[in-house]
2 protein chains.
Amino acid sequence: MTRSREKVLADIMVLIFRLNGRLLEQGDRLVAGLDLTSARWQVLGALALAGRALSAPQIAEAMGITRQGVQKQLNLLLEEGVVERRVNPSHERSPLYALTGLGEHRYAEATRRCDDWAAVLGEGLSDEALGMTETTLSTLLARLQHPVPPGPV
Amino acid sequence: MTRSREKVLADIMVLIFRLNGRLLEQGDRLVAGLDLTSARWQVLGALALAGRALSAPQIAEAMGITRQGVQKQLNLLLEEGVVERRVNPSHERSPLYALTGLGEHRYAEATRRCDDWAAVLGEGLSDEALGMTETTLSTLLARLQHPVPPGPV
DNA sequence: CCCCTAACGACAACTCGTTGTCAAATGTGA
DNA sequence: TCACATTTGACAACGAGTTGTCGTTAGGGG
């Protein structure tokens with residue numbers, strides 16, 4: 001055996017910490033000039049993928065962060081005119097948010113840049129390696145979100 | 001073909017963002033009661049792995065973050081007595097930092113808890129999947145740290 | 001030997017996420 | 001219908017990271 005499974009897991013965790021930092025950094029660089037940051041871009045992504053107006057808590061749910069964090073970005077995005085409020089028929093004080101024309105345009109441009117960049121980033125990595133990485137990470141995430149199924153803690 | 005490589009890459013990125021959040025959360029929970037947080041724990045880890053006293057910038061280099069971020073944690077760790085300053089023969093104003101006995105004890109306990117937890121977390125994942133994930137992530141990180149080798153930007 | 005640059009610690013300001021509290025709106029069960 | 005728990009937005013405080021500036025120290029080339 002090469003190394004213990006725990007060691008490999010620990011290495012993967014460190015890699016995730018660093019990748020998180022570098023991805024946010026490169027993401028910010030990628031959308032600089034579009035009046036976006038990684039955080040705002042992700043909010044736009046949640047709206048674009050949903051294909052419909054969402055409330056702040058719904059966006060937070062989709063992004064896996066808290067509603068307060070999302071709300072902060074939404075208020076800024078509103079000021080910049082990339083999202084707009086719509087009345088929520090089922091809640092008076094909690095409006096829905098949708099992309100404006102400007103927002104859709106900016107998101108499309110960000111997506112184009114990201115795809116180009118991702119193509120370069122993934123060069124030479126086999127489909128198998130990418131697929132297995134995605135599967136493994138998503139298994140780990142699932143276990144982390146539901147605290148640790150069995151075992152006495 | 002199932003999905004484009006860009007889509008898989010994008011999914012992996014989102015997974016990394018979420019895993020980062022969950023890992024820090026679980027890490028904090030894991031070392032709660034040891035007067036540690038994920039950030040302080042990582043600093044202790046850098047010192048323990050080096051096996052010798054390091055300066056703040058050296059720790060930052062090892063952790064992949066800035067020296068200011070490390071310094072902030074070091075100042076707190078000093079107050080708690082888990083690390084101590086040592087004179088740096090090659091720099092008067094930049095001391096070296098080393099684990100105290102208390103620090104080594106706490107780090108050992110944190111490591112024990114982490115290994116137990118990692119064993120549960122990795123259950124059922126094949127060595128091949130873990131190894132390939134580690135390799136893929138480390139390739140991605142290398143490309144992110146050296147901005148994007150070829151290609152006209 | 002002196003001057004200039006690089007590296008360092010301290011400090012402040014900022015981003016992005018978290019938690020917690022408060023008040024208003026919603027939904028549910030007796 | 002009314003009481004109560006849940007959900008929501010606003011606000012404040014905090015943790016962890018970043019950048020930038022300032023003054024000091026180390027190191028190298030004229």
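So you know, we letter chains A, B, ... as the sequences are listed, proteins then strands, and number each from 1. On a predicted model such as this, the values are computed, not experimentally measured, just so you know.
One can place CD1 of B/I59 at 13 Å from P of D/dG17, the figure rounded to the nearest angstrom. In this structure, A/N75 atom CG and D/dG9 atom C1' are separated by 9 Å, rounded to whole Å. The distance between atom CG of A/L23 and atom P of D/dG17, rounded to the nearest whole Å, is 17 Å. The interatomic distance linking B/Q71 (CD) with C/dA10 (C1') rounds to 8 Å, in whole Å. The distance from atom CG of A/N88 to atom P of D/dT7 is 15 Å, rounded to the nearest whole Å. Atom CZ of A/F17 is separated from atom P of D/dA16 by 12 Å (rounded to the nearest Å). Rounded to whole Å, the distance from CG on B/L77 to P on D/dG15 is 14 Å. Regarding B/E92, its CD atom lies at a distance of 14 Å from the P atom of C/dA10, rounded to whole Å.
Of the possible polar contacts, none joining the A/S55 side chain to the A/L96 backbone as a donor-acceptor pair under 3.5 Å is found.
Of the charged side-chain nitrogens involved, none lies within less than 4.0 Å of a carboxylate oxygen, so that B/D11 and B/K7 do not count as a salt-bridged pair. A salt bridge is absent between B/E104 and B/R106; no separation between the charged side-chain nitrogens and carboxylate oxygens falls under 4.0 Å. Here A/R113 pairs with A/E109 in a salt bridge; the nearest charged N to carboxylate O distance falls below 4.0 Å.
Annotation: side chain of A/M63 is in contact with side chain of A/I59 (closest heavy-atom distance under 4.5 Å). Between A/L19 and B/L137 there is a side-chain heavy-atom pair separated by less than 4.5 Å.
Nearer to the 5' terminus of DNA chain D, by closest-nucleotide assignment, is the contact made by A/Q58 (compared with the other of A/Q58 and B/S90).
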Once base and sugar-phosphate atoms are separated, protein heavy atoms under 4.0 Å mark nucleotides 11-21 of chain C, 5' to 3', with B, S and - as B----SBBBB-
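A donor N or O paired with an acceptor N or O is found under 3.5 Å between the base of D/dT24 and the side-chain atoms of B/R93.
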